[in-house]
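The structure under discussion appears below in the form of structure tokens.
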Amino acid sequence: MDAPAPHRFTAHVIEEADNKIHEDGVARRFGFSGALVPGVELFARTTTPLVATWGEEWLSGGRVDLRFRRPVYDGEELLVDLTDGRLAVTGPDGEVRCLGSAGRTVDRPLLAGFAEAPGPAELVADPVVGPFGSVHETGTVEENEWYLDAIGEPLPLYRENAWAHPGLLLRLVNTLLMRNVALGPWIHTSSDCRFLGVARLPARMTVHGRVTDVGRRGRHEEVRYDALVLADAEPVLHVRHTALYRLSGAA
């Protein structure tokens, strides 16, 4: 079967260092009903039906973009549906929480301009257009297996092959922002991803990035940046990432 089947999953808040928007008390200060499920974890489980159908081919050369339109709270059951390339994630009330698109294959993006850049001497209050300081991490089988358990990933291929989960790769793109900008509570709002290869663990993970735009969305401060994730110096993920890095009313 070529088209991914609709897929249901339960969204959960898992450990999310330093971003207090994923805590009940802080989220309520900003007008939410409770702690927000991180966008990266919504992204992670949205990939489940895509990988179930397209497998390693998609993880090595597919695409997905996802925009987080409405809050998702801990314990909510969501439905992922892909129809004619259009991706929708709906809540139990039928309200669309995330929108986007996905494809089995995609042309390889141009990667010129991504290079090693030194980290900042201190975190900046506001990003500026230009390179982010690169991030280096050790990707381990143990961390990957913890993440698979935490998000409730049902597919066995990640454990069987020691492949890094797409959500874990996207977490590194969030880490890039956190290692360069002094953040209070913040919200990841969208990711447009091109997969370039499978990250086989253990591996030395590297993230390069560059800010492409800084501005306002409503009352909040927004940053857009491109990122390239590498595993043992081989490109595995290219992302156009958007976040509200300062929320109006943040202490």
Side-chain angles (χ1 to χ4, degrees), residues 17 39-41 43-44 47 50-51 54-66 102-121 123-124 127-148 150-151 153 155 157-181 188 190-212 223-243:
V40 68
E41 270 68 76
F43 167 87
T47 70
L50 309 181
V51 177
W54 296 328
E56 185 177 3
E57 181 184 16
W58 185 79
L59 289 169
S60 301
R63 67 168 186 86
V64 60
D65 73 86
L66 202 60
R104 184 171 187 156
T105 60
V106 68
D107 292 338
R108 193 175 180 89
L110 296 175
L111 303 180
F114 289 104
E116 183 70 26
L123 300 180
V124 299
V128 296
V129 172
F132 268 151
S134 299
V135 167
H136 300 276
E137 299 279 345
T138 300
T140 67
V141 171
E142 292 77 15
E143 181 187 20
N144 196 49
E145 292 189 346
W146 166 82
Y147 188 70
L148 297 172
I151 65 173
E153 176 58 70
L155 299 180
L157 80 173
Y158 298 108
R159 287 187 173 86
E160 292 171 351
N161 299 290
W163 291 347
H165 194 280
L168 207 57
L169 300 180
L170 196 63
R171 276 187 151 221
L172 290 170
V173 177
N174 278 348
T175 299
L176 184 68
L177 179 65
M178 294 187 285
R179 296 280 180 85
N180 283 271
V181 180
H188 168 201
S190 71
S191 291
D192 186 352
C193 302
R194 303 292 187 271
F195 290 95
L196 308 172
V198 175
R200 292 175 170 82
L201 300 172
R204 179 65 169 168
M205 307 301 298
T206 301
V207 193
H208 303 311
R210 58 193 180 206
V211 176
T212 58
V223 60
R224 296 174 182 268
Y225 60 102
D226 292 351
L228 178 66
V229 181
L230 303 99
D232 289 334
E234 292 296 324
V236 293
L237 177 64
H238 174 266
V239 185
R240 292 188 175 96
H241 208 62
T242 307

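All residue numbers refer to positions in the sequence shown, counting from 1. This structure is a prediction, so every number in the text was calculated from the model and none was measured.
Considering CZ of R194 and CG of L228, their distance stands at 13.5 Å, rounded to 0.5 Å. A distance of 5.5 Å separates CE in M205 from CG in L172, rounded to the nearest 0.5 Å. Going from atom CG of L50 over to atom CZ of R104 covers 11.5 Å, rounded to the nearest 0.5 Å. The CD atom of E41 sits 9.0 Å away from atom CG of L170, with the distance rounded to the nearest 0.5 Å. One finds the OG1 atom of T47 at 6.0 Å from the CD atom of E153 (value rounded to the nearest 0.5 Å). Atoms CH2 and OG1, on W54 and T105 in that order, are 9.0 Å from each other to the nearest 0.5 Å.
Closest of all the heavy-atom pairs between V173 and V229 is CG2-CG2, 3.8 Å. Closest heavy-atom contact between R210 and A112: NH1-O, 3.1 Å. Residues Y225 and V211 come closest through the heavy atom pair CB-CA, 3.8 Å. In terms of heavy-atom proximity, H188 sits nearest to S190 at NE2-O, 3.4 Å. The heavy-atom pair separating V141 from A162 by the smallest distance is CG2-CB, 4.2 Å. The minimum heavy-atom distance between P235 and L196, with the atom names listed, is O-CB, 3.5 Å.
The salt bridge (charged side-chain N to carboxylate O under 4.0 Å, His left out) analysis of residues 232-242, with sequence neighbours excluded, yields no pairs. Annotation: salt bridge (charged side-chain N to carboxylate O under 4.0 Å, His left out) contacts involving residues 107-119, sequence neighbours excluded, are absent.
Side-chain contact between T138 and P202 is absent, with no heavy atoms from C-beta onward closer than 4.5 Å. A 4.5 Å side-chain heavy-atom check between V207 and T175 finds every atom pair outside the cut-off. Looking at V223 and V181, their side chains never come closer than 4.5 Å, going by heavy atoms from C-beta outward. Side-chain contact between V198 and N161 is absent, with no heavy atoms from C-beta onward closer than 4.5 Å. Counting only heavy atoms from C-beta outward, the side chains of L169 and V239 never approach each other to under 4.5 Å. Two residues are said to be in side-chain contact when any heavy atoms from C-beta on lie closer than 4.5 Å; M178 and L123 fail this criterion.
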### Message
What verdict does the side-chain contact (heavy atoms from CB on, under 4.5 Å) test give for N144 and W163, after you've listed the backbone C-alpha separation in whole Å, the side-chain angles of each residue and the deciding distance to 0.1 Å?
### Response
CA-CA 8 Å; N144 196 49; W163 291 347; 5.8 Å; no

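Looking at Y158, F195, F43 one by one, the single match for ring pair (Phe, Tyr, Trp, His ring centres under 6.0 Å) with H165 turns out to be Y158.
Taking a cutoff of 4.0 Å between a charged side-chain nitrogen and a carboxylate oxygen, R171 and E143 do not qualify as a salt bridge.
The ring pair (Phe, Tyr, Trp, His ring centres under 6.0 Å) search around H238 returns F114, not counting sequence neighbours.
Remark: the backbone N or O of H136 is not paired with any side-chain donor or acceptor of T206 at under 3.5 angstrom.
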